[in-house]
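A short write-up of the structure that comes next.
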Amino acid sequence: MHPKISGYRMINITFPDNRIKQYESGTTGLEIARSISEGLARNVISVKINDEVWDATRPITFDARIKLLTWEDEEGKGTYWHSSAHLLAEAVELLYPGVKFGIGPHIESGFYYDIDFGDYTISSEDLPKIENKMLELAREKQLFSRKEVTKQEALEYFSQKGDEYKLELINDLADGQITFYESGKFTDLCRGPHLADTSQIKAVKLLNIAGAYWRGDEKRKQLTRIYGITFPKQKELTDYLVLLEEAKKRDHRKLGKDLELFFFSQKVGMGLPIWLPKGTLLRERLEMFLKRVQKKAGYQQVICPHIGNVELYKTSGHYQKYGESSFHPITTPVPGEEFFLKPMNCPHHCEVYKSKPRSYKDLPVRIAEFGTVYRYEQSGELHGLTRVRGFTQDDAHIFCTPEQVKDEFKGVMDIVMLIFKALDFKEFITQISLRDKNNKEKYIGSDENWDKAEKAILEVAEERGLKTVIEYGEAAFYGPKMDFMVKDALGRKWQLGTIQVDYNLPDRFELEYIGNDNQKHRPVMIHRAPFGSMERFVAVLLEHTAGKFPLWLTPDQAIILPISEKYQKYAEKVLSLLNNSDIRAQIDDRNEKAGKKIRDAELMKIPYMLVVGEKEEGEGTVSVRRQGQGDLGPQKIDDFIHFLNEEVKKELGEIL
RNA sequence: GCCGAUGUAGCUCAGCUGGUAGAGCAGCUGAUUUGUAAUCAGCUGGUCGGCGGUUCGAAUCCGUCCAUCGGCUCCA
């Protein structure tokens, strides 16, 4: 630290451990880091001043709390990757003069930049060239320098450059809060912060190239988005790429094929999954599990047809909103008669509710169905089992009094949590989706009802102490909702469970119950699907478990491996004993050596392999091998049955 | 739907700048009767995604359509 010179104002800097140190006004975060240690100064990326992230080189002129951010901090990584996006832009501008730039933010892993390449055509083959340029520029140790500019200056700069995207962004900003960042020959409109210089960027990988609409609006021009990631060490990049490869091995589309769970047929149609025998076994067990839970919770199962008359959807309001962009209606020999493949189960369930008069004493009425629905998703949207055109919702609709809404909502949340626990989903995001308050015409139903519904959800989340993310404008058109999202192997977020409060459909269907005042009242409806859909749930479950399902769920719990044909009879005896005890097993009776059978069973991820040969037949035992763990030694058949049933109980014991 | 890439046997993949298709696994047949992650041999199997075009000649070049993959947009 500089010696104190009279006339310099001192400022108090508070560190995360609440220690306070004095520095001269105008000291930078980097200098503060250096005052602690040279090593820290080398690693500091940016600094958090109070609640704002700053450049490490920006002078601090007031008392503040400080946190020095490094690669270990999420915000530090953010700064690092955002600076990398600038480096990408600079490289691109040098290689392709005259290109125009959209935005270039950091993301969870890495960064991207949206670029209008004009007349250049760019493909993934061009990426290595850009990577090399980036590395070359990084080594030049270019300083990132921050400059405050007036709106006028900003507009002039980008008018001259001819970048209409930046001009549009600047026009949305207020004068007095516009900053430019300059690195090398590249100047960008940017709030910052940035690295001190580019030399900290040591390893660069541009991952892929994609189209992205300017400002996310499909009516506007599509820019070219380049995704990339950078690291301070080459080793970290290598590790990251290995991790990506590993993640791909968990892809549910690959595992679904390998484990013979499901497949798609071009002849049947895109986005229409076909469940194979093993996948069906798995799915049926999931359904049985939820049916048991729901029976306990007072649900009643129903079964409805797969099509519904157009009048049903006119009543529900879905026809007006989705009629055109959906599967087209099914016509009949009767002129004017139209049916729709059902895109959701709620209208049918409203009719179930209406099938007889309801008393307040009957409520809540909980109507459940594993309902298969069909939606015409855009072709580019389809993705394995996670986004399909035909799928089965573990749907239910709860009809209750307004007073019961909160309790019912809580009851549903308990079921979701139970499922997540049974299947070991520890990391999930709970999102509350509310209305976009500035764009209310997107939604149907009264303001008053919306406010009531939104309030109920927020209160329940609060009472349950659930950590939530609130998203405005993400609500369904008929009501607010709470969704549970889980990430797949590659970090993409998928919505699984959903709970939606709906004050609108009961109105449209004129649903009623007789209250204790002998008057007619309108029930409230709660839509809910704890799995979301069987397809998506199984997809995410596959990626979480890498195909090693819990014992209670897995299609085959055991496989019997006779050493040779001589022991076929004995194998069959073992199988029938297992089957009698409700253990799902099969025999590998191929003319193969034991090693081969074991290898194949390991690859099919069957939890228990039971080797039987001369010794086992003589002693009435099986030699047990656990998938992924190896030989556990011989056990009496009855002991193994008992052991396996106990294992299943351990998994489900507390839950059921 | 949009941008970009890909499409060879059931699966995983090879096939240089155009000369008429190949491996491993799987399957079938036979031999072997096997002890904790691949027994050996033989055989079958492909209008090289579909359709057009250029060419003496196309898996290879061009166009178009379809499907898949990575994103964008969308997701009742």
Side-chain angles (χ1 to χ4, degrees), chain A residues 112 114 117 121-127 207-227 248 251 253-254 257-258 263-267 269-271 313 316-323 325-326 342-347 373 375-384 386-389 391 393 444 474-479 481 483 490 492 494-495 498 500 502 505 527 533 536 561-568 591-603 609-616 623-634:
Chain A
Y112 66 80
D114 284 348
F117 275 91
T121 43
I122 190 105
S123 78
S124 44
E125 287 170 27
D126 301 303
L127 297 179
L207 296 159
N208 48 44
I209 197 159
Y213 298 105
W214 171 234
R215 307 206 114 178
D217 184 344
E218 65 179 322
K219 289 179 195 71
R220 305 197 63 177
K221 186 162 175 153
Q222 195 160 46
L223 308 180
T224 303
R225 176 171 296 179
I226 299 179
Y227 285 91
K248 279 185 194 150
D251 191 312
R253 291 165 296 189
K254 176 175 161 44
K257 197 182 270 175
D258 291 350
F263 82 108
F264 291 89
S265 148
Q266 289 189 21
K267 268 209 174 115
M270 62 165 106
Y313 300 107
S316 70
H318 291 108
Y319 178 78
Q320 292 84 324
K321 194 161 168 84
Y322 293 102
S325 59
S326 192
K342 74 176 171 184
M344 77 293 296
N345 302 299
C346 10
V373 297
R375 297 177 182 177
Y376 191 78
E377 306 290 2
Q378 295 188 86
S379 59
E381 268 312 314
L382 301 174
H383 183 97
T386 50
R387 194 74 186 274
V388 287
R389 285 182 171 171
F391 57 99
Q393 296 178 307
I444 60 176
E474 289 292 312
F477 76 91
Y478 53 74
K481 56 182 181 171
D483 294 323
L490 288 172
R492 293 177 288 222
W494 296 100
Q495 177 211 308
T498 180
Q500 314 178 356
D502 185 351
L505 271 190
H527 309 244
S533 79
R536 185 175 287 179
L561 310 179
I563 290 292
S564 83
E565 277 168 23
K566 289 187 215 154
Y567 313 105
Q568 178 67 14
N591 179 9
E592 294 287 354
K593 297 175 89 165
K596 169 74 167 165
K597 293 183 182 183
I598 285 168
R599 177 181 158 78
D600 288 347
E602 287 278 349
L603 292 175
M609 285 149 268
L610 308 177
V611 179
V612 295
E614 188 180 357
K615 199 175 67 191
E616 288 78 10
S623 280
V624 181
R625 180 187 168 103
R626 172 80 222 204
Q627 199 272 347
Q629 290 175 23
D631 196 354
L632 301 181

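Below, read A as the first sequence line, B as the second, and so on, with proteins coming before strands; counting in each chain starts at 1.
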Quiz item: Is any NZ, NE, NH1 or NH2 atom of the basic residue among A:E602 and A:R625 found under 4.0 Å from an Asp or Glu carboxylate oxygen of the other?
Solution: yes
Practice problem: Answer yes or no: is there an ion pair linking A:D217 with A:R215, defined by an N-O contact shorter than 4.0 Å? | Solution: no
Quick one: label [X] by what it contacts on the DNA or RNA (base, sugar-phosphate, nothing), any heavy atom closer than 4.0 Å.
X      : result
A:G595 : sugar-phosphate
A:E614 : base
A:R225 : sugar-phosphate
A:E616 : base
A:G216 : sugar-phosphate
A:K597 : nothing
A:A212 : sugar-phosphate
A:N208 : sugar-phosphate
A:R492 : sugar-phosphate
A:Y227 : sugar-phosphate
A:K481 : sugar-phosphate
A:K566 : sugar-phosphate
A:S623 : base

If you measure from the [atom1] atom in [N] to the same atom in [M], how many Å do you get, rounded?
N      : M      : atom1 : result
B:rG71 : B:rG57 : P     : 43 Å
B:rG49 : B:rA21 : P     : 15 Å
B:rC75 : B:rA38 : C1'   : 45 Å
B:rC61 : B:rC25 : C1'   : 34 Å
B:rA59 : B:rG22 : C1'   : 12 Å
B:rC2  : B:rU64 : P     : 13 Å
B:rG4  : B:rC65 : P     : 13 Å

Quiz item: Closest nucleotide of RNA chain B for A:D217 versus for A:K596: which of these residues is on the 5' side?
Solution: A:K596
Quiz item: Pick the nucleotide of RNA chain B nearest each of A:I563 and A:L490; which residue has the one closer to the 5' end?
Solution: A:I563
Short heteroatom pairs, N/O only, protein and nucleotides 60-67 of chain B, under 3.5 Å:
residue, atom, partner, partner atom, Å
B:rA67, O2', A:Q266, NE2, 3.1

Of the listed nucleotides [options], the one nearest the side chain of [X]:
X      : options                : answer
A:K615 : B:rG35, B:rC75, B:rA37 : B:rG35
A:A476 : B:rA76, B:rU12, B:rG70 : B:rA76
A:K593 : B:rG35, B:rU39, B:rA5  : B:rU39
A:R253 : B:rC74, B:rU39, B:rG70 : B:rG70

Self-check item: Non-hydrogen side-chain atoms of A:Y112 and A:I226 separated by less than 4.5 Å
Solution: no
Quiz item: Would you call A:S316 and A:L505 a side-chain contact if the rule is heavy atoms closer than 4.5 Å?
Solution: yes
Quiz item: Counting only heavy atoms not in A:Q320, do more than 12 fall under 6.0 Å of its CD?
Solution: yes
Quiz item: Around atom NZ of A:K321, are there more than 12 heavy atoms of other residues, nucleotides or ligands at under 6.0 Å?
Solution: yes
Please write out each protein N/O paired with an N/O of nucleotides 27-32 of chain B under 3.5 Å, distance rounded to 0.1 Å.
residue, atom, partner, partner atom, Å
B:rU32, N3, A:N591, OD1, 3.4
B:rU32, N3, A:N591, ND2, 2.9
B:rU32, O4, A:N591, ND2, 2.2

Polar side-chain contact [X]-[N] base: donor and acceptor under 3.5 Å:
X      : N      : value
A:Y567 : B:rG35 : no
A:R375 : B:rC75 : no
A:Q222 : B:rC2  : yes

Quiz item: Only one of A:D631, A:L610, A:V611 clears side-chain contact (heavy atoms from CB on, under 4.5 Å) with A:V624; which?
Solution: A:L610
Exercise. May I ask you to decide if the ring planes of A:H318 and A:Y313 are parallel, tilted or perpendicular, using 30° and 60° as cut-offs?
Key: perpendicular
